[in-house]
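For clarity, every value in this text was computed on a predicted model and none was experimentally measured. Atoms within each ligand, like the ligands themselves, are counted from 1 in listed order.
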Amino acid sequence: MRAVTWHGRGDVRVDTVPDPTIQDPTDVIVEITSSGICGSDLHLIEVMAPFMSVGDVMGHEPMGVVREVGREVTALKAGDRVVVPFNISCNTCWMCSQGLNSQCETTQNREQGMGASLFGYTKLYGQVPGGQAEYLRVPFGNTLPIKVPDAPLDDRYVYLSDVLPTAWQAVQYAGIPQGGSVLVLGLGPIGDMCTRIAKHLGAGQVIASDVVPERLARARRNGITVIDTTTQADVVAQVRELTDGRGPDAVIDAVGMEAHGSPVASALQKATAIVPDSIMAKVMQVAGIDRMAALNTAIEAVRRGGTISLSGVYGGATDPMPLMRMFDKQIQLRMGQANVWRWVPDILPLLLEGDPLGVDDFATHRVPLEQAPEAYANFREKKDGAVKVLLQP
Ligand SMILES: NC(=O)c1ccc[n+]([C@@H]2O[C@H](COP(=O)([O-])OP(=O)(O)OC[C@H]3O[C@@H](n4cnc5c(N)ncnc54)[C@H](O)[C@@H]3O)[C@@H](O)[C@H]2O)c1
Ligand SMILES: [Zn+2]
Ligand SMILES: [Zn+2]
């Protein structure tokens, strides 16, 4: 089959690799019809490169049609349409029963000291082949895939794999009071979806900051108050002005950071050396060198007694956190990989009824799998208005 494979920093290709096969009696093989490219994939081709191997199959936001089921699979049959969560979780262990699917005890990577395995991810998370491919082997066929109706288009359901539960969890963890205020840092797919969900769940004031013009325009069209800068002092000043001088009740960090501490830090210089165009240069000036920039802005911007919710992935080991400031401001901090299945029962009914979150036209680009290298480059360099890209094998 054809699959998007990792070849090095900034280098993904489409290669022919062996077709996946049933290995355990509860496996299913899914023929992929849509597969998102995520901000997390950009970490893999930048500073997480030391944890990748040449030939790794990328992708953790897939959906498709079941083609083959293992002999113990009773919940699905060939022809069923499914979305595959990015967490590889059994849905039967203690952690899964607590709604902590990203900590699944059946797939935890204990030798790495890390949580549940993830599709298309690093050695830290099991190095499991991903879903930017024609076919995907999915374990736990009775409990992991999310069965969805045959209509409408993939766009309605595909974001159940990651974007929707990640943003939903970020908003839940933010604990915004009804009618309260939230600042979302970053307007990539995750930040953008956080603004929509925060509004949907009753936030009174939704403010967001980024510097990419198309992303700001998109949020503005959805009625979000946008701050066109990522410079800490400017964001803090503007958000205070919008919130009676106090700061927002909650801040969601949908930016993340890749490099601090060993061994990831050594990759930082190389990563920043391949900054491409002017927009990215502008972002990197404030965020690329100081990978804590967004988190520090969150700590300064949030009101005293407020909550910070981190959905951006933080990969370093020993980061200097302004703990005194956090303690003095009595900030509450919540974070983690999204627990996909924890939120599916909340989100899926919304999608069956209609499209209150605007997922049907959330994707800015739908491209054939063969065009993945160009699509990755555009998404990474924020060119051609790329916000959310779906690969269609
Ligand atoms: N927790 C989870 O389970 C989970 C799941 C999916 C993605 N993520 C993470 O969420 C983050 C966002 O993902 P995405 O797909 O939206 O990525 P993205 O790279 O498209 O979006 C990040 C956005 O942040 C902006 N930005 C950079 N520095 C900033 C700053 N200092 N202040 C404000 N904005 C800034 C960029 O211009 C960009 O638009 C990534 O770190 C990704 O790894 C986490
Ligand atoms: Zn993702
Ligand atoms: Zn489990």
Side-chain angles (χ1 to χ4, degrees), residues 35-44 46 48 59-62 85-98 100-108 115-121 130-131 140 143-144 159 161-167 169-170 173 183-194 208-216 218-219 227-232 234-235 252-258 279-280 282-288 290-298 301 309-315 335-341 379-380 382 386-389:
S35 205
I37 302 179
C38 179
S40 300
D41 293 324
L42 301 182
H43 302 328
L44 305 185
E46 289 178 1
M48 296 308 279
H60 59 269
E61 304 189 347
F86 79 96
N87 317 125
I88 306 180
S89 63
C90 69
N91 254 330
T92 51
C93 74
W94 187 86
M95 282 289 175
C96 286
S97 76
Q98 302 298 303
L100 291 165
N101 302 79
S102 66
Q103 313 300 332
C104 173
E105 288 175 333
T106 310
T107 73
Q108 260 183 36
S117 290
L118 308 176
F119 285 104
Y121 234 72
F140 311 116
T143 49
L144 178 58
Y159 306 113
S161 56
D162 181 342
V163 175
L164 284 169
T166 295
Q169 176 170 303
Y173 282 9
L183 168 66
V184 178
L185 299 176
L187 279 168
I190 301 298
D192 184 314
M193 189 55 75
C194 286
S209 130
D210 203 314
V211 287
V212 182
E214 294 88 348
R215 297 179 179 209
L216 291 164
R218 200 164 128 115
I227 297 178
D228 181 3
T229 171
T230 54
T231 307
Q232 179 174 317
D234 298 343
V235 173
I252 295 173
D253 174 346
V255 178
M257 158 201 86
E258 298 99 328
I279 296 286
M280 201 52 197
K282 197 172 160 197
V283 172
M284 294 304 275
Q285 276 165 12
V286 295
D290 176 6
R291 293 279 169 166
M292 297 288 283
L295 178 55
N296 282 325
T297 300
S309 168
L310 300 184
S311 58
V313 166
Y314 281 76
M335 63 188 115
Q337 300 278 9
N339 302 298
V340 173
W341 258 106
F379 177 53
R380 180 177 184 217
K382 290 147 183 73
V387 183
K388 193 65 189 180
V389 183

Side chains of His60 and Asp41 in contact at under 4.5 Å (non-hydrogen atoms): yes
Here the atoms of ligand 1 under 4.0 Å from any heavy atom belonging to Phe86 are 3 (O)
Pairwise side-chain contact, Asn91 with Leu144, heavy-atom cut-off 4.5 Å (strictly under): no
Would you check if Leu310 and Leu295 make a side-chain contact, meaning some heavy-atom pair closer than 4.5 Å? yes
Between atom CD of Glu214 and atom CG of Leu187, what is the distance when rounded to the nearest 0.5 Å? 12.0 Å
Any Gln232 heavy atom less than 4.0 Å to ligand 1: no
Keeping Ser309 on the side-chain end and Ile252 on the backbone end, is there a donor-acceptor pair under 3.5 Å? no
Check whether any side-chain heavy atom of Lys388 lies under 4.5 Å from a side-chain heavy atom of Glu61, and answer yes or no. yes
Please check this pair: side chain of Ser102 against backbone of Gln337, looking for a donor-acceptor N/O pair closer than 3.5 Å. yes
Taking 2.8 Å as the upper limit, name the protein N, O or S atoms near the Zn ion (ligand 3). Cys90 SG, Cys93 SG, Cys96 SG, Cys104 SG
Could you tell me whether Val255 and ligand 1 have an N or O pair separated by under 3.5 Å? yes
CD-SG distance between Glu105 and Cys93, expressed to the nearest 0.5 angstrom: 5.0 Å
Heavy-atom distance to atom 17 (O) of ligand 1: which of Gly186, Gly191, Gly39 wins? Gly39
Which bit of Arg215 is near ligand 1, meaning a heavy atom under 4.0 Å away: side chain, backbone, both or neither? side chain
Between Ile190 and Asp162, is any pair of side-chain heavy atoms under 4.5 Å apart? yes
Give the single entry among Ser40, Ala294, Ala338, Gly36 that approaches atom 42 (C) of ligand 1 most closely by any heavy atom. Ser40
Taking the side chain from Ser311 and the backbone from Thr166, do they hold a donor-acceptor pair closer than 3.5 Å? no
For the pair Arg218 (side chain) and Pro213 (backbone), establish whether a donor and an acceptor sit closer than 3.5 Å, ignoring hydrogens and angles. no
Below a 4.0 angstrom heavy-atom separation, can you tell me which part of Thr166, side chain or backbone, both or neither, approaches ligand 1? side chain
Can you tell if the side chain of Asn87 reaches within under 4.5 Å of the side chain of Leu118, non-hydrogen atoms only? yes
For a quick test of reading the model, state the closest non-hydrogen atom pair linking Thr143 to Trp341 and the distance between them. O-NE1, 3.5 Å
Should Ala293 be counted as touching ligand 1, given the test is an N or O pair under 3.5 Å? no
Determine whether Tyr121 and Ser40 satisfy the following criterion, side-chain contact (heavy atoms from CB on, under 4.5 Å), listing intermediate values before the conclusion. CA-CA 9 Å; Tyr121 234 72; Ser40 300; 3.2 Å; yes
What one should report as the nearest heavy-atom pair of Phe140 and Ser89 is CD1-O, 3.7 Å
Please check whether Leu42 reaches ligand 1 - meaning an N/O of the residue sits under 3.5 Å from an N/O of the ligand, judged on distance alone. no
Proximal ligand 1 atoms for Val212, defined as those under 4.0 Å from one of its heavy atoms: 37 (O)
Which segment of Ala254 sits under 4.0 Å of ligand 1 when only heavy atoms are counted: backbone
Consider ligand 1: state whether an atom of it lies below 4.0 angstrom from any non-hydrogen atom of Ala170. no
Which residues pass the ring pair (Phe, Tyr, Trp, His ring centres under 6.0 Å) test with Tyr159, not counting sequence neighbours? Phe362
Tell me if a side-chain donor or acceptor on Thr107 pairs with a main-chain N or O of Ile88 at a distance below 3.5 Å. yes
What are the protein N, O or S atoms, given as residue plus atom name, that sit under 2.8 Å from the Zn ion (ligand 2)? Cys38 SG, His60 NE2, Glu61 OE2, Asp162 OD2
Which ligand 1 atoms, with their elements, are less than 4.0 angstrom from a heavy-atom of His43? 40 (C), 41 (O), 42 (C), 43 (O)
Asp162 contact mode with ligand 1 (heavy-atom cut-off under 4.0 Å): side chain
Would you mind finding which of Ser102, Gly188, Gly312 brings a heavy atom closest to atom 21 (O) of ligand 1? Gly188
Distance-only N or O hit between ligand 1 and Pro189, under 3.5 Å: yes
Given Asp210, Val235, Val389, identify the one with the heavy atom nearest to atom 25 (C) of ligand 1. Asp210
For Gln169, side-chain hydrogen bond (donor to acceptor under 3.5 Å, both in side chains) partners two or more places apart: Asn339, Trp343
